[in-house]
**Student:** 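Starting off with a structure, shown below.
Per chain, numbering begins at 1; letters A, B, ... match sequence-line order. These values consider heavy atoms only, across backbone and side chains, with no hydrogens, waters or symmetry-generated copies.
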Amino acid sequence: MKSAVIVFPGSNRDGDVMRALRQAGSQVEKVWHAETELPKGTDLVVLPGGFSYGDYLRCGAIAGRATVMDAVRAHAARGGLVLGICNGFQILCESGLLPGILMRNANLKFICHRQFLRVERNDTAFTRAYAKGQAIDVCVAHGEGNYTADTETLKRLESEGLVAFRYSDTNGHVTPDANRNGSMNSIAGIYSDKLNVLGMMPHPENLIEDLVGGTDGRGLFKSLVSSFAKAA
Amino acid sequence: MKARVTVTLKNGVLDPQGKAIEGALKSLGVDGIASVRQGKVFDIELGTADKSQAEASLKAACEKLLANTVIENYRVELT
Amino acid sequence: MKARVTVTLKNGVLDPQGKAIEGALKSLGVDGIASVRQGKVFDIELGTADKSQAEASLKAACEKLLANTVIENYRVELT
Amino acid sequence: MIRNDVAITPELVKEHGLKPDEYERFVKLIGRTPTITELGIVSAMWNEHCSYKSSRIHLRGLPTQAPWVIQGPGENAGVIDIGDGLACIFKMESHNHPSFIEPYQGATTGVGGILRDVFTMGARPIAALNFLRFGEPDHPKTRHLVSGVVAGIGGYGNSFGVPTVGGSVGFHPRYNGNILVNAMAVGLARTDEIFYAAATGVGNPIVYLGSKTGRDGIHGATMASAEFDDASEEKRPTVQVGDPFAEKLLLEACLELMKSGAVIAIQDMGAAGLTCSAVEMGAKGNLGVELDLDKVPTREEGMTAYEMMLSESQERMLMVLKPGMEKEAEAIFHKWGLDFAIIGKTTDTLRFVVKHHGEVMADLPIKELGDEAPLYDRPHLANTHQPTIAADTVKPPVSHAEALVKLVGSPDQCSKRWVWEQYDHLILGNTVQVPGGDAAVVRVEDGPKGLAMTTDVTPRYCEADPVEGGKQAVAEAWRNITAVGGLPLAITDNLNFGNPERPEVMGQFVGCLRGISEACRALDFPVVSGNVSLYNETNGQGILPTPAIGGVGVLDDVTVNASVAFKREEDALILIGETEGWLGQSIYLRDICGREEGAPPPVDLVAEKRNGDFVRQLIRSGQVDTVHDLSDGGLALALAEMTMASKIGAVVASAPEDLALHAFLFGEDQARYLLAVNPDEAADILYEAAEIGVPAMVVGVTGGDSLILPGGEAISIETLKAAHESWLPDYMAGKA
Ligand SMILES: Nc1ncnc2c1ncn2[C@@H]1O[C@H](COP(=O)(O)OP(=O)(O)O)[C@@H](O)[C@H]1O
Ligand SMILES: [Mg+2]
């Protein structure tokens, strides 16, 4: 599998996600935001975490309009896989690839902590390696992760099964306490209609080794790589 | 020429920041504030003296970047 | 009663946000924008109908929380 | 506009912070009356911050050498060799005063400045720490300051992309008018790719990089401009605003440029901006420097030479480039959207020449600006020793359990989670030990090495006895690194004190430095960088003497480390080190008895080294994985913290007979560690300890869901945790 990690000025978890992709067996290439095309044969586009353009104006707003995003949109329209993590999720929302928006955390503070997520479905390219309903231990690190959408959108996401992850306790129970940033319906990540674009606030790429906290994040990258092994 | 663009949240869009400010004002003992909604202003200097050209630039700036029209309204005033 | 508080950076204080927005507008091909400085607005509903009481509350809100008077100016308009 | 031919009056000299004799010294040095620009330049070079005029002679006594030291104090940051061709580059710096005026921006620019110091040398920052002291919680400003400073530190580090992995937060009324915000950065480079400030070669281009110059932080200028400004403008704030986004770009651009081989010398623009950086590059390289200010990228119109030379705008760098590489360098900077301008050249005149609009605004001897700065041996008074407080004169608590719960929930000892959860401490995926333990542990690249780092000092000890306090600060940093299994290698220090013109304060300074030096020597723990912050004083009341120590150590195999959380039930608890039950200056005495008095615990450096080396070897050999050093609050607090970090309780069945229980539990004797070990190993460990004269005894066993003290008083883990975790969030929410 071949992944393209897009680097915007201010991206800062590009290295972390590249490490996770490589560990799972993907080839990885960095792509500068000013490019107009993706590398040939790109299977997966990753928009990494960070503070693109300082997150000035609105998180992800300026990056969402970068040159390379046209190529990303075209890739998604062809059914190609796109993964946006944290700032990447914000960029996906700002660029129109995913609905809704990430607002300031409910306590108005940046929060960095370990967090369990409930995997809502395991029949997508991103989550095959997990069980449905499994609680996975990852971490969050964001100031604006409060997922907000209008009632219509929310209804559609729920009824079409487009919610990918919810903040949960260790047992996979979705509780108010587990939803520290105040997201609607405890949403931590969502899919596009065709399930080929995933945006999520938490960082699976930071939990891929026992030494630094655990390996629950690996499943996501393993799922991606294995879906290509199957396809090929 | 100068302009001020004001971007505010649409009615009905939740404003966690405004809510938190309301709370903070209460705990600071500032009375009489019923609700707060936060928005942004942009003070812009334009390179042109032509009013219609300026207005076109400002509209483009708002639509393309300054406002997220899904959740925000904007207003432009030339000053 | 309603009010709008506008908070802007004092002259000469660096505005990284404005700077980034300027750059982004240029690369988006929006012409004619010479400079951008970003500020905040607060749309406030007051619990009182008494003007002087409202003004006192608003002043307190600005001084205590809404504006960082070391680097920002604020303006209050009752609307 | 400030013209250059302004008459230099005594008032103007005074406004620039120069004493009459200092001004005379300068006039004699240059042989004429200076221009206003020159006055500005010398005021920047000769202020306390840049010239270290009160501290320099004392700093000379610090041990700065060791076989692994590549660069000691004097450069932007210290550099040590950690093996495998890798160097660790680190430094700590204060931003106390700006943070008191504007906590958010003061803290951001403090973090920005220290990160720049580290990447200026070619290192990629891999971790940040901070050392914070605030006034008493009840002081009306404290909450606002805590909130702003913490948000600022996070706001900058998180966006820049460095994990903030450790630090220290404390409260004391003596910081009511002067908070302490010390930031530390740690970076990594290859030993053969380190960059220095000294310029070489005549006629080489001097290049300005980064953000544009504005009128930020021009202190003297605000006053001066009131007289010389015809345009009446609003009084300009002297607060600088940090731009972490620009800094991140600057980091990437600098590292890319360094790889290209174009960089001869590099210096960041920190305090006194362009002046300090240009003078240092020239003076260190025995070269003159000529600057053409018409080329300097400015953000505001009509900036004068005076203003440009004194501006403290952030996120800027100065470089000497290899001639012929300008185009390549420019392309890299433009790619990152940053300003790039050739603003001058090196010369062989040893003069610092500043031109603006074709006129010479300053022409000064470059070396003398630094070398001939005033140097003071200020009078210092040794502190009178405080009496030793015998344990039997200190009241025991009504309930030891209650006392302990009170301590774990006190402002100084409570959990600082509320703080460090606002810092991204996990980015880069190398954080092996997160905040909350003894030292942070960060993996080096893909391993196997790791670095351990910590910031420490106990200001009340320093106040009571500067020499012992200085020693203790170093010993505690060394101990914290040891406790995770690290080999302590070197320190950076941040010496925060009051007004050096008062002999008692100078006495504290000299005493602390003596203690620091002694400890560094005894522990093989040299000083490789540091910072001095004096005049932390309001209305004649100085801060507690606070020489914060930032320590760094190495773990050859980062997977072999120890942490404070109990790992298993039924482990034997072994206390390493001598316990006399020293209660003078203890947290127990202060927070339970309301007495902040007495002599602090003496530091036996030989015992420190012996005990620490023993513990480290146990960790490295894999015999021990659970260690906590004993500091504030003694054995009881360490037990509580180890319990809270796990979900496993502990039982301490009895106290030594010759010791009062409260002295045993809360005494702050130094050089001690608490280990939790497999019971099968306990006998061996005790035997090994006895062999080399390390005091060691079994004091209890892990297990259960509460902490049971001698005599049977039990505290559930939940009770401890509730007290420990609630104080700070409640306080910040206005509830405490
Ligand atoms: N400002 C801070 N930033 C990050 N971590 C902090 C901060 N303050 C305290 N901590 C963490 O909390 C823990 C306890 O701090 P402290 O009581 O000072 O430790 P010790 O007594 O071991 O020196 C340490 O791990 C420290 O890293
Ligand atoms: Mg410790």
Side-chain angles (χ1 to χ4, degrees), chain A residues 6-12 14 31-37 47-74 84 86-88 90-97 101-110 142-144 146 148, chain C residues 2-47 54 56-77 79:
Chain A
I6 314 281
V7 181
F8 300 94
S11 294
N12 63 22
D14 40 333
V31 177
W32 186 237
H33 68 103
E35 297 292 337
T36 51
E37 276 173 49
L47 307 178
F51 286 67
S52 57
Y53 299 92
D55 272 355
Y56 298 144
L57 188 60
R58 299 179 306 277
C59 296
I62 301 179
R65 289 152 181 83
T67 323
V68 75
M69 287 308 291
D70 288 333
V72 175
R73 251 177 243 127
C86 198
N87 194 225
Q90 296 163 339
I91 295 169
L92 288 172
C93 289
E94 277 284 346
S95 65
L97 277 161
I101 185 165
L102 285 313
M103 308 273 278
R104 281 293 288 281
N105 291 346
N107 69 352
L108 300 191
K109 288 182 173 53
F110 187 97
H142 58 243
E144 317 205 358
N146 184 346
T148 306
Chain C
K2 288 185 186 188
R4 168 164 287 182
V5 172
T6 312
V7 176
T8 50
L9 278 178
K10 286 186 180 171
N11 258 333
V13 175
L14 176 71
D15 176 14
Q17 319 226 24
K19 209 171 63 171
I21 294 167
E22 256 173 65
L25 287 172
K26 273 194 198 105
S27 66
L28 282 172
V30 178
D31 291 329
I33 307 277
S35 83
V36 179
R37 282 177 81 75
Q38 182 172 342
K40 297 179 203 139
V41 288
F42 301 93
D43 288 321
I44 298 181
E45 296 215 27
L46 292 138
S57 294
L58 289 166
K59 181 157 198 283
C62 290
E63 294 280 338
K64 288 196 184 171
L65 185 68
L66 300 181
N68 177 349
T69 52
V70 180
I71 53 172
E72 293 172 330
N73 293 320
Y74 66 87
R75 230 185 69 184
V76 176
E77 297 154 278
T79 51

**Student:** Is the shortest side-chain heavy-atom distance between C/E72 and C/K10 below 4.5 Å?
**Tutor:** no

**Student:** Please tell me if the side chains of C/K59 and C/Y74 come closer than 4.5 Å, counting only heavy atoms from C-beta onward.
**Tutor:**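 A side-chain contact exists here, since the closest heavy-atom pair is under 4.5 Å.
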
**Student:** Looking at side-chain heavy atoms only, is the closest gap between A/P48 and A/V7 below 4.5 Å?
**Tutor:** no

**Student:** Which members of residues 61-73 of chain A, sorted by number, sit under 4.5 angstrom from chain C on a heavy-atom basis?
**Tutor:** A/I62, A/R65

**Student:** Please determine whether side chain to side chain contact (heavy atoms under 4.5 Å, CB included) holds for the pair A/I101 and A/E94, giving the CA-CA distance in whole Å, both sets of side-chain angles, and the decisive distance to 0.1 Å.
**Tutor:** CA-CA 7 Å; A/I101 185 165; A/E94 277 284 346; 4.2 Å; yes

**Student:** C/D15: what forms a side-chain contact (heavy atoms from CB on, under 4.5 Å) with it, not counting sequence neighbours?
**Tutor:** C/L9, C/Q17, C/R37, C/Q38

**Student:** Parallel, tilted or perpendicular: which fits the ring planes of A/F110 and A/F51, with parallel below 30° and perpendicular above 60°?
**Tutor:**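 Correct class here is parallel.
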
**Student:** With no hydrogens and no angle check, is any side-chain donor or acceptor of A/N107 less than 3.5 Å from a backbone partner on A/K109?
**Tutor:**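 Yes; judged by distance alone, with no hydrogens or angles, the pair exists.
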
**Student:** Restricting to salt bridge (Lys or Arg N to Asp or Glu O under 4.0 Å), what partner residues turn up for A/D14, sequence neighbours left out?
**Tutor:**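 Applying salt bridge (Lys or Arg N to Asp or Glu O under 4.0 Å) to A/D14 gives A/K30.
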
**Student:** Does C/N73 use its side chain to pair, donor to acceptor, with the backbone of C/T8 at less than 3.5 Å?
**Tutor:** no

**Student:** Quick check on the structure: residues of residues 18-28 of chain C within a heavy-atom distance below 4.5 Å of chain A, by number.
**Tutor:**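 Answer by number: C/A20, C/I21, C/A24, C/L28.
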
